[in-house]
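Have a look at the structure below before the remarks.
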Amino acid sequence: MPQHSPVATTDKPPAESAGDFFSLPEVERETGISKDCLRVWERRYALAPADRDSHGRRRYSAAAVAELRQVRQLLDLGFRPRELFRLDRAGRQQLLQQHQPAASPLAADQQQLISLLLANRPLELQRALQQQHQQRGNRAFICQFVPPLLQAVGDAWLCGRLSIRQEALFSALLQEVLQQNMPSLDRCHQQPLLLLATLPGEHHRLGLLLVAALARARGQRALVLGSEVPAAQLQSLAAELSVDIVGLSFSGHQPNHQVRSQLGHLRAGLAPAIALWAGGRGVSRLRPLAGIRHFVSLTATDQALAAWPAIPAEGTDETLPS
């Protein structure tokens, strides 16, 4: 796998400005809230887009997207839109804090990375991530050090401490570190052969790289196909390559019904001998589905890779928290 040059060439990214807007399809992709639903909310709750472009198409600010993502999380917890739109952003954030498990406090070295991100110092942040990877080793870095960081970054974005650009920057720098330290595919000869992807509507690929890095460190062949891969293409390629496992990642903004539907459709088109694994926040809310293995933590995924093929074909691994 080719090595990549650092993604940042300056120590300060461009600041987010009032001119940064998201189109309706982009908002749908970022929040998991359908375009039709957003239009209904505009009429019912006086939810208006921040602006319209020269063609009259809706545009939303980064702050509006953050609030809608906040609403999405609360809807998944069982709240109704009517009661949520009566609250301001601070009120909704308080609800989230009351109804979601409290995150563990960050260690000092994790907090230092968040501080570098808040200060817009990407070069120092990338060096610090690389140093942590070298000091801890691949498995401990991915399974123990990274998950609390990702939780903290997501929470900071939801409550307005981080911009959407800063969240994206952190993800890009972490991916860069993973790719720089990942063994090339031609050095990996152990089973299983994994094909990792996300399905249409899910463009976040960080989870795929985290799993690929765990597998390749064991000498297992993990191929990251990419994001938003059509199910038919994934099924065809899995058959052609005779893969052992198809692995999918779903972020928390994906609606439950969409995740269930996509998983069921993909499972039906795969050969029974091919295992289907799914992970991420988007599957942590689901009941186990027939023929699909759910993973609630990177540690559980790593344990399954170590135990292959002695891992059940379906169910949820709940031995460790996510």
Side-chain angles (χ1 to χ4, degrees), residues 1 3-4 6-8 11 100-159 161-162 166-183 188 194 196 204-220 222 224 247 249-252 277 279-284 295-307 317-322:
M1 190 171 186
Q3 299 298 309
H4 298 268
V7 298
D11 209 35
Q100 286 187 327
S104 301
L106 293 180
D109 46 9
Q110 292 167 321
Q111 187 58 58
Q112 178 192 18
L113 297 182
I114 298 296
S115 298
L116 291 172
L117 181 60
L118 287 167
N120 290 329
R121 294 158 66 182
L123 291 182
E124 292 178 54
L125 176 55
Q126 187 177 35
R127 284 194 292 267
L129 283 167
Q130 179 67 34
Q131 184 180 32
Q132 288 294 334
H133 186 280
Q134 292 174 345
Q135 290 178 350
R136 296 170 180 273
N138 188 70
R139 190 167 296 116
F141 177 77
I142 292 174
C143 295
Q144 299 169 18
F145 188 76
V146 167
L149 271 178
L150 294 177
Q151 177 72 44
V153 169
D155 290 346
W157 186 77
L158 279 174
C159 68
R161 291 180 63 215
L162 284 177
Q166 289 171 311
E167 185 198 35
L169 174 66
F170 182 82
S171 178
L173 293 176
L174 179 54
Q175 290 181 58
E176 185 72 29
V177 169
L178 292 170
Q179 289 172 318
Q180 287 178 341
N181 291 279
M182 194 184 302
C188 300
L194 296 91
L196 304 170
H204 297 94
R205 63 191 296 269
L206 176 58
L208 307 178
L209 286 174
L210 289 165
V211 173
L214 288 172
R216 289 199 192 177
R218 294 184 177 278
Q220 296 167 329
V224 179
S249 177
F250 295 90
S251 57
W277 290 6
R281 287 190 182 183
V283 299
S284 65
F295 291 93
V296 298
S297 73
L298 287 163
T299 300
T301 307
D302 186 55
Q303 291 172 343
L305 290 169
D317 193 313
E318 297 177 339
T319 58
L320 290 164
S322 57

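One-based numbering along the sequence shown.
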How many angstroms lie between OG in S251 and CZ in R205, if you round to the nearest 0.5 Å? 14.0 Å
Do the side chain of Q220 and the main chain of L305 share a donor and acceptor less than 3.5 angstrom apart? yes
Output for pair (L196 CG, L209 CG), nearest 0.5 Å, gives 9.0 Å
Any chance the side chains of Q166 and R161 put a donor and an acceptor closer than 3.5 Å? no
So, do L150 and R281 sit near enough that their side-chain heavy atoms are less than 4.5 Å apart? no
Indicate the atoms forming the closest heavy-atom contact of A212 with A222, along with that distance. CA-CB, 3.9 Å
When rounded to the nearest 0.5 Å, the distance separating CD of Q180 from NE2 of H133 is 10.0 Å
If you measure from CG on L214 to CG on N138, what distance do you get to the nearest 0.5 Å? 6.0 Å
Results of side-chain hydrogen bond (donor to acceptor under 3.5 Å, both in side chains) for Q110 - residues two or more places apart only: none
Using 0.5 Å steps for rounding, measure from the CG atom of L174 to the CD atom of Q179. 10.0 Å
Side chain to side chain, F170 and L149, heavy atoms closer than 4.5 Å: yes
Does either side chain, that of N181 or that of Q134, offer a donor lying less than 3.5 Å from an acceptor on the other one? no
Non-hydrogen atoms of G247 and L208 that approach each other most closely: O-CD2, 4.3 Å
If you measure only the distance, is there a donor-acceptor pair under 3.5 Å linking the side chains of Q175 and S171? yes
For the student: nearest non-hydrogen atoms of W277 and A304, plus distance: CH2-CB, 3.7 Å
By the definition side-chain contact (heavy atoms from CB on, under 4.5 Å), identify the one residue from Q126, E124, R127 that meets it with L116. E124
side-chain contact (heavy atoms from CB on, under 4.5 Å) test vs L173 passes for just one of L113, L178, L129, namely L129
Residues A152 and I114: closest non-hydrogen pair is CB-CD1, 4.2 Å
Treating R216 as the side-chain partner and P183 as the backbone partner, does any N or O pair qualify as donor plus acceptor under 3.5 Å? yes
Not counting sequence neighbours, which residues clear side-chain hydrogen bond (donor to acceptor under 3.5 Å, both in side chains) with R139? List them please. D302
